[in-house]
Amino acid sequence: MPFMVKDPNLKIRLERAQSWLDLTKTADTPEHARFIFYWIAFNSMYGLPPIDPDHLDKERESQFDEIREFLAHVKSMSSFDRKTGTRFLDKAVRNSRRYAQALIEDPFLSREYWEGAKSPPRIESACKQEWELASDELKKGNNDSFLYFAFSRLIVLRNEVIHGSATASPSSKGYPSLQSGVRFLEIMAPAFFDLLETYGDRVPKWPKAPYPRRDHPAHPHP
């Protein structure tokens, strides 16, 4: 379907994200594959070029920096989302709350757990405190901590699954964090998509889409 958005970088992000979201609906798709498809759909919306042609001397520090930039756009769009009453984001946050809690409270998805500098009990306590903070902020109508902590955990899960740091299994029952991750993304990724499609043109300027196709204005060889 054609997207009625003006920004060419936003349009190509929506087209790419839609193609991957469609794959998640294929019958009998394993949970690992669904997680990957949802993540790629999300990545299509937030991703930045691996090399910035305007700053060739600077490398991006981490993928989570890109996600934080995207979440800043989400926050901007969510103000219009609330004013018009569509509330795509608020509904998604409410519906994904228990899955986010499972992700945030999971010490094995904490980056600090794998760094090894802190003891597991301290990490487990910190994870619970982060969920309490996110939960308290939600009561005030603020989604920032909820999204920040949830996606900081999903980055670890993404590294485990996509970079071959986990064993595939017939189902996610033996891998509860994967199940929570899939349930969370199947709610949040379409909500982000709806936000971009409906309010994306309210964002002043979308960053260049990575690897633009040949007919795109940003393609390096017109």
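- Atom CD of Glu124 and atom OG of Ser110 lie 11.0 Å apart (nearest 0.5 Å).
- At least one side-chain heavy atom of His216 sits under 4.5 Å from a side-chain heavy atom of Ile12.
- Once rounded to the nearest 0.5 Å, the distance linking CD1 of Ile123 with CG of Asp106 reads 11.5 Å.
- Atom CD1 of residue Ile104 and atom CG of residue Leu133 lie 9.5 Å apart, to the nearest 0.5 angstrom.
- Lys205 places no side-chain N or O within donor-acceptor distance of the main-chain N or O of Asp7, the cut-off being under 3.5 Å.
- Residues Phe88 and Met77 are not in side-chain contact: their nearest non-hydrogen atoms beyond the backbone lie 4.5 Å or more apart.
- Between Arg158 and His163 the shortest side-chain heavy-atom distance falls below 4.5 Å.
- Checked by atom type and distance alone, the side chain of Thr84 pairs as donor or acceptor with a backbone atom of Phe80 at under 3.5 Å.
- Across Ala209 and Asn9, no two heavy atoms sit closer than the pair N-OD1, 3.0 Å.
- Results of the ring-ring contact (aromatic ring centres under 6.0 Å, His included) test with Phe184 over Phe35, Phe149, Phe42, Phe151 single out Phe151 as the only residue that passes.
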* Applying side chain to side chain contact (heavy atoms under 4.5 Å, CB included), run through Glu137 and Phe146 and close with a yes or a no. => CA-CA 8 Å; Glu137 289 294 306; Phe146 176 91; over 6 Å; no
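- A side-chain donor-acceptor contact under 3.5 Å links Arg13 to the backbone of Lys208.
- Between Asn143 and Asp90, the shortest heavy-atom distance links the atoms ND2-OD1, 3.3 Å.
- Side-chain contact between Leu196 and Val203 is absent, with no heavy atoms from C-beta onward closer than 4.5 Å.
- No donor-acceptor pair closer than 3.5 Å links the side chain of Ser125 to the backbone N or O of Pro121.
- For Arg98, the CZ atom sits in a loose shell: 12 or fewer heavy atoms of surrounding residues, nucleotides or ligands are nearer than 6.0 Å.
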* To do: Walk me through it: do Arg153 and Cys127 pass the test side chain to side chain contact (heavy atoms under 4.5 Å, CB included)?
  => CA-CA 10 Å; Arg153 303 302 194 269; Cys127 289; 3.6 Å; yes
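- Two residues are said to be in side-chain contact when any heavy atoms from C-beta on lie closer than 4.5 Å; Ser180 and Glu105 fail this criterion.
- Not a single donor-acceptor pair under 3.5 Å links the side chain of Trp39 to the backbone N or O of Leu154.
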* Pair Thr24-Thr29, side chain to side chain contact (heavy atoms under 4.5 Å, CB included): steps then yes or no -> CA-CA 7 Å; Thr24 66; Thr29 303; over 6 Å; no
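- Of the residues listed (Tyr148, Phe64, Phe192), the one engaging Phe70 in a ring-ring contact (aromatic ring centres under 6.0 Å, His included) is Phe192, and it is the only one.
- Leu21 contributes atom CG, which lies 6.0 Å from atom CD of Gln18 (distance to the nearest 0.5 angstrom).
- Evaluation of the side chain to side chain donor-acceptor pair (under 3.5 Å) rule for Lys75 yields Asp144 as partners, not counting sequence neighbours.
- Tyr46 places none of its side-chain heavy atoms less than 4.5 Å from the side chain of Glu69.
- Aromatic ring pairs are classed by plane angle as parallel below 30°, tilted from 30° to 60° and perpendicular above 60°; the pair Phe37 and Trp20 is tilted.
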* To do: Dump the intermediate steps for salt bridge (Lys or Arg N to Asp or Glu O under 4.0 Å) on Arg183 and Glu31, then the final yes or no.
  => CA-CA 10 Å; Arg183 299 287 89 76; Glu31 288 285 317; 3.4 Å; yes
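- Closest heavy-atom contact between Pro210 and Arg16: O-NH1, 2.7 Å.
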* Tell me, with the steps shown, if Arg87 and Arg94 meet side chain to side chain contact (heavy atoms under 4.5 Å, CB included). => CA-CA 11 Å; Arg87 304 188 80 90; Arg94 183 174 64 249; over 6 Å; no
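- The NZ atom of Lys6 sits 16.0 Å away from atom CH2 of Trp206, with the distance rounded to the nearest 0.5 Å.
- Within a 6.0 Å sphere centred on CH2 of Trp131, heavy atoms belonging to other residues, nucleotides or ligands number more than 12.
- Rounding to the nearest 0.5 Å places CG of Leu178 at 10.0 Å from CZ of Arg34.
- Side-chain contact between Glu160 and Leu157: present, with at least one pair of heavy atoms (C-beta onward) separated by less than 4.5 Å.
- Under a cut-off of 6.0 angstrom, the local environment of CZ in Arg122 is sparse, with at most 12 non-hydrogen atoms contributed by other residues, nucleotides or ligands.
- Asp81 places a side-chain N or O within 3.5 Å of a backbone atom of Leu89 that can act as its donor or acceptor partner.
- Taking the side chain as every heavy atom from C-beta outward, Leu147 and Met188 approach each other to under 4.5 Å.
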